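Structure record follows, encoded as structure tokens.
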Amino acid sequence: MKLLIFNKKMIYLTLLLLIFIILISLVIINYGKTKDVFMQDIFYEGINDKKIISFACNIDWGEEYIPQMLNIFKKNDIKITFFPTGKWAEKNPEILEDIFRNGHEIGNHGYSHIDYDKLDYEQNFEQIQKTDNIINKITNTKSMYFAPPSGAFNDYTIKAAKDLDYKVIMWSIDTIDWREDSTRELIAKRVIDKAHNSAIVLMHPTENTVNALEEIIDELRKMGFKIGKISDVLNN
């Protein structure tokens, strides 16, 4: 009798263990699938294998240098993608309009320049949507690309961006132009030395970036590269 009770307990415990293992396996598989789905919407570089490089200029300050940047791009017949924060766009609608009128692509840099990896889903959604509405009001266009400030994001960021029909844009070449020790020569070298097909070059409106732009453009063109927008490297 005791043996029968013991066997029943063993069968019960074994079944519970099997159910637990199956549940854990399903969670791991689905988590992996979720990660894959998320990664399909994050771009560190483009998917176009042609010799084209995109410039992504994130803006939360430095508006005094934007007119110079626009003049350089106009002179060289180049259109890039600018990513303003919503807070900056609210304060500088005329500059954003000027950027758009010059034919440049407008992305979304979130409303505030904070670490989005510390926000929950609702907070991420609000930051991105608020900026989407501001950009749409100023330019009458819908942005397609979202660049998280400082490149900081979590799963909630990716899901919120996806739910708002955005692709998340990172970078494959960083000018690090915001740092005080980033000279014109260093900025140019960082771009030229790492140039590759479908690259996304991260930059900001700084004095040294403006001073380095002509050299960067000239050298990239000598290497056979065309310079364009984020949409140019994400389209085959």
Side-chain angles (χ1 to χ4, degrees), residues 41-44 46 54-74 78-117 119 123-153 157-158 160-162 164-171 173-179 187 200-210 212-213 227-234:
D41 298 293
I42 304 174
F43 295 89
Y44 289 85
S54 62
F55 284 1
C57 184
N58 292 353
I59 316 172
D60 189 50
W61 38 261
E63 55 273 4
E64 64 270 29
Y65 300 110
I66 293 176
Q68 293 171 266
M69 295 183 82
L70 294 179
N71 286 337
I72 292 170
F73 291 137
K74 185 175 183 178
I78 290 171
K79 313 297 182 190
I80 74 162
T81 305
F82 286 87
F83 289 89
T85 60
K87 189 176 287 187
W88 181 90
E90 279 182 329
K91 294 177 182 177
N92 301 278
E94 297 86 3
I95 300 177
L96 186 59
E97 284 178 349
D98 197 26
I99 292 171
F100 182 67
R101 275 197 305 267
N102 273 268
H104 297 287
E105 193 167 59
I106 308 298
N108 184 326
H109 201 35
Y111 184 74
S112 301
H113 201 284
I114 54 179
D115 292 335
Y116 284 53
D117 59 341
L119 305 182
Q123 291 168 324
N124 271 286
F125 191 95
E126 180 184 7
Q127 288 281 325
I128 301 169
Q129 186 183 49
K130 190 173 182 180
T131 303
D132 184 87
N133 292 336
I134 293 167
I135 291 171
N136 182 266
K137 184 178 179 181
I138 295 170
T139 67
N140 197 31
T141 58
K142 169 72 173 73
S143 296
M144 297 185 294
Y145 308 113
F146 167 67
S150 305
F153 65 87
T157 315
I158 307 307
K162 186 178 176 66
L164 287 164
D165 295 322
Y166 276 94
K167 290 181 172 65
V168 177
I169 304 301
M170 300 296 284
W171 61 85
I173 300 175
D174 192 352
T175 60
I176 322 177
D177 55 4
W178 49 269
R179 219 162 60 185
I187 291 169
I200 297 175
V201 180
L202 173 63
M203 62 180 61
H204 303 83
T206 73
E207 182 178 4
N208 284 327
T209 299
V210 170
L213 273 178
I227 300 166
K229 308 181 293 289
I230 295 296
S231 56
D232 293 324
V233 298
L234 291 187

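Note that the structure is a prediction, hence the values are computed from the model and not measured.
Note that the OH atom of Y111 and the CD atom of Q129 stand 14.0 Å from one another [nearest 0.5 Å]. The CD1 atom of I80 lies 4.0 Å from the CZ atom of F73; values are rounded to the nearest 0.5 Å. With rounding to the nearest 0.5 angstrom, the CD1 atom of I138 is 8.5 Å from the CD atom of E94. Expressed to the nearest 0.5 Å, how far CG of N208 lies from CZ of R179 amounts to 12.5 Å. The line from CZ of R101 to CG of L70 is 10.5 Å long, rounded to the nearest 0.5 Å. If you take CZ on F82 and CE on M203, they are separated by 8.5 Å, rounding to the nearest 0.5 Å.
Contact detail for L202 and T175: the closest heavy-atom pair is O-OG1, 2.8 Å. Nearest approach of Y145 to F83, heavy atoms of both residues: O-CE2, 3.5 Å. Taking all atoms of both residues into account, the shortest heavy-atom contact from L234 to G46 is CD2-CA, 3.7 Å. Minimum heavy-atom separation, M69 to C57: CE-SG, 3.9 Å. Nearest heavy-atom pair, G110 versus Y116, reported as atom, atom and distance to 0.1 Å: CA-OH, 3.1 Å. Summarising the geometry of I135 relative to G107, their closest heavy-atom pair is CD1-O, 3.2 Å, with the distance given to 0.1 Å.
Residue pairs meeting the side chain to side chain donor-acceptor pair (under 3.5 Å) criterion with at least one partner in residues 54-69, sequence neighbours excluded, are D60-T85, E63-W88.
Put simply, the side chain of N124 gets close to the backbone of L119: a donor and an acceptor are under 3.5 Å apart. Side chain of N102 to backbone of I99: no donor-acceptor contact under 3.5 angstrom is found. With T81 contributing its side chain and K229 its backbone, the two residues share no donor-acceptor pair below 3.5 Å. Side-chain atoms of N108 come within 3.5 Å of backbone atoms of I128 as a donor-acceptor pair (strictly under, hydrogens ignored).
Scanning for side chain to side chain contact (heavy atoms under 4.5 Å, CB included) contacts around E126 gives an empty result, with sequence neighbours left out. Considering only residues two or more places apart in sequence or on other chains, S112 meets the side chain to side chain contact (heavy atoms under 4.5 Å, CB included) condition with K87, I114, Q127.
F43 is not listed as a side-chain neighbour of I230, based on a closest heavy-atom distance of 4.5 Å or more. Residues S143 and E105 fail the side-chain proximity criterion, which asks for heavy atoms closer than 4.5 Å. With a 4.5 Å cut-off on side-chain heavy atoms, I66 and I59 count as touching.
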Using the side chain to side chain contact (heavy atoms under 4.5 Å, CB included) rule, take I173 and W171 through it: C-alpha gap first, then chi angles, then the decisive distance, then the call.
CA-CA 6 Å; I173 300 175; W171 61 85; over 6 Å; no
- F146/T157 under side chain to side chain contact (heavy atoms under 4.5 Å, CB included): CA gap, chis, key distance, verdict: CA-CA 10 Å; F146 167 67; T157 315; 3.7 Å; yes
Hey, mind stepping through L213 and F55 against side chain to side chain contact (heavy atoms under 4.5 Å, CB included) and telling me if it holds?
-> CA-CA 11 Å; L213 273 178; F55 284 1; 4.2 Å; yes
Between D165 and M144, is a side chain to side chain contact (heavy atoms under 4.5 Å, CB included) present by the stated rule, with each step listed?
CA-CA 7 Å; D165 295 322; M144 297 185 294; over 6 Å; no
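Side-chain contact check for D177 and T209: at least one donor-acceptor pair (N or O, by modelled atom type) lies under 3.5 Å.
Counted within 6.0 Å of NZ on K74, heavy atoms from surrounding residues, nucleotides or ligands total 12 or fewer; the atom is thus considered open.
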